[in-house]
Participant: 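My questions will all concern the structure given below.
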Amino acid sequence: MNPKKIEDKLAVNKFDVDQEVHIRIKEDICCQCKELDCLYACPAGCFTVFEDHITFSFEGCLECGSCRIVCEKEAIDWTLPRAGFGICYLYG
Ligand code: SF4
Ligand code: SF4
């Protein structure tokens, strides 16, 4: 298989999701954010807009750190999952 699209590349990853949340957004800051840089930076689509606010789910996180870098308001508490959990690349 020679994946070309991002969906194909994501499909060959395996996740062992850490039930302990390792990334949190500060909703009091995010609800006032107009830039929504995290929405456009996250390659895994972990950020979405629901009605008029941003929502986040960490389960598909690729651990790239892009959201933490692009958010100029420092509204993301970010750590890696615990050892043994998270993404396993190119598994398929
Ligand atoms: S995480 Fe940062 S960029 Fe994303 S909505 Fe919140 S404040 Fe805005
Ligand atoms: S670390 Fe990367 S994949 Fe995970 S939520 Fe942030 S931008 Fe998305």
Side-chain angles (χ1 to χ4, degrees):
M1 182 177 176
N2 182 22
K4 300 235 183 314
K5 294 190 299 187
I6 183 110
E7 292 81 7
D8 295 332
K9 292 182 178 181
L10 290 172
V12 297
N13 297 328
K14 182 180 83 130
F15 295 89
D16 192 355
V17 177
D18 189 353
Q19 296 307 312
E20 198 169 284
V21 180
H22 58 98
I23 302 174
R24 287 185 174 81
I25 61 172
K26 298 175 184 173
E27 294 184 6
D28 56 324
I29 299 174
C30 294
C31 70
Q32 299 179 43
C33 178
K34 302 281 185 261
E35 293 79 12
L36 304 180
D37 293 326
C38 58
L39 182 68
Y40 305 108
C42 178
C46 294
F47 297 85
T48 53
V49 174
F50 178 72
E51 294 179 347
D52 62 347
H53 63 279
I54 198 106
T55 62
F56 174 72
S57 61
F58 69 94
E59 286 81 357
C61 176
L62 303 175
E63 302 168 26
C64 67
S66 301
C67 55
R68 180 174 59 167
I69 293 169
V70 299
C71 178
E72 295 182 349
K73 299 179 175 68
E74 300 183 353
I76 300 178
D77 287 328
W78 196 100
T79 60
L80 290 169
R82 292 177 295 168
F85 292 99
I87 188 165
C88 186
Y89 282 103
L90 298 176
Y91 194 79

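First listed ligand is number 1; within each ligand, the first listed atom is number 1. Treat the numbers as computed from the prediction; the structure is a model and nothing was measured.
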Participant: Should the ring pair H22 and F58 be called parallel, tilted or perpendicular, given that the plane angle runs from 0 to 90° and is split at 30 and 60?
Facilitator: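 It falls in the perpendicular class, over 60°.
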Participant: For ligand 2, which atoms sit closer than 4.0 Å to a heavy atom of F56?
Facilitator: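 Counting atoms of ligand 2 from 1, those under 4.0 Å from F56 are 5 (S).
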Participant: Heavy-atom distances under 4.0 Å are what count here, so tell me which part of I76 touches ligand 1: side chain, backbone, both or neither.
Facilitator: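 I76 to ligand 1: side-chain contact only, backbone stays beyond 4.0 Å.
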Participant: Name the closest protein heavy atom to atom 4 (Fe) of ligand 2, giving the residue it belongs to and the distance to 0.1 Å.
Facilitator: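 Here the closest protein heavy atom is C61 SG, 2.4 Å.
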Participant: For atom 7 (S) of ligand 2, which protein heavy atom lies nearest, and how many Å away is it?
Facilitator: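 The answer is C67 N, 3.3 Å.
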Participant: Test side-chain contact (heavy atoms from CB on, under 4.5 Å) on I54 and C38; report intermediate values, then the result.
Facilitator: CA-CA 9 Å; I54 198 106; C38 58; 4.0 Å; yes
Participant: Between K73 and E35, does the side-chain contact (heavy atoms from CB on, under 4.5 Å) criterion hold? Intermediate values first, please.
Facilitator: CA-CA 10 Å; K73 299 179 175 68; E35 293 79 12; 2.5 Å; yes
Participant: Under 4.0 Å from ligand 2, counting heavy atoms only, is it the side chain of F58, its backbone, both or neither?
Facilitator: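 Within the 4.0 Å criterion, F58 makes no contact with ligand 2.
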Participant: Please test F56 against I76 for side-chain contact (heavy atoms from CB on, under 4.5 Å), starting from the C-alpha separation and ending with a verdict.
Facilitator: CA-CA 11 Å; F56 174 72; I76 300 178; over 6 Å; no
Participant: For the residue pair R82 and E20, what are the closest heavy atoms and their distance?
Facilitator: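 In this case the closest contact between R82 and E20 is CD-OE2, 3.7 Å.
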Participant: Report, in ascending order of atom number, the atoms of ligand 2 lying under 4.0 Å from any heavy atom of G65.
Facilitator: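 Taking each heavy atom of G65 in turn, ligand 2 has 1 (S), 2 (Fe) under 4.0 Å.
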Participant: Considering only heavy atoms of D37, which atoms of ligand 1 have at least one such atom less than 4.0 Å away?
Facilitator: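 With D37 as reference, the close atoms of ligand 1 come out as 3 (S).
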Participant: Yes or no on side-chain contact (heavy atoms from CB on, under 4.5 Å) for D16 and K14, after CA distance, side-chain angles and deciding distance?
Facilitator: CA-CA 7 Å; D16 192 355; K14 182 180 83 130; 5.7 Å; no
Participant: Over all heavy atoms of both residues, which pair between L62 and N13 is shortest? Give the atoms and the distance, please.
Facilitator: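 Shortest heavy-atom contact: CD2-ND2, 4.0 Å.
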Participant: Would you say C33 has an N, O or S atom lying under 2.8 Å from atom 8 (Fe) of ligand 1?
Facilitator: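 Looking at C33, which is the residue asked about, there is an N, O or S atom under 2.8 Å from atom 8 (Fe) of ligand 1.
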Participant: Would you say C42 has an N, O or S atom lying under 2.8 Å from atom 8 (Fe) of ligand 2?
Facilitator: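 It does; at least one qualifying atom falls short of 2.8 Å.
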Participant: List the atom of F85, the atom of E63, and the distance in Å for their closest heavy-atom pair.
Facilitator: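 Taking every non-hydrogen atom into account, O-OE2, 4.2 Å.
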Participant: Checking a contact table here: which protein heavy atom is nearest atom 6 (Fe) of ligand 1, and how many Å away?
Facilitator: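 Sorting protein heavy atoms by distance from atom 6 (Fe) of ligand 1 puts C30 SG, 2.4 Å first.
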Participant: Provide, to 0.1 Å, the distance between atom 3 (S) of ligand 2 and the closest protein heavy atom, together with that atom's residue and name.
Facilitator: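 Answer, as residue, atom name and distance: L62 N, 3.1 Å.
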Participant: Identify, for atom 2 (Fe) of ligand 1, the protein heavy atom at the shortest distance, and state residue, atom and that distance.
Facilitator: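 Among all protein heavy atoms, the one nearest atom 2 (Fe) of ligand 1 is C71 SG, 2.3 Å.
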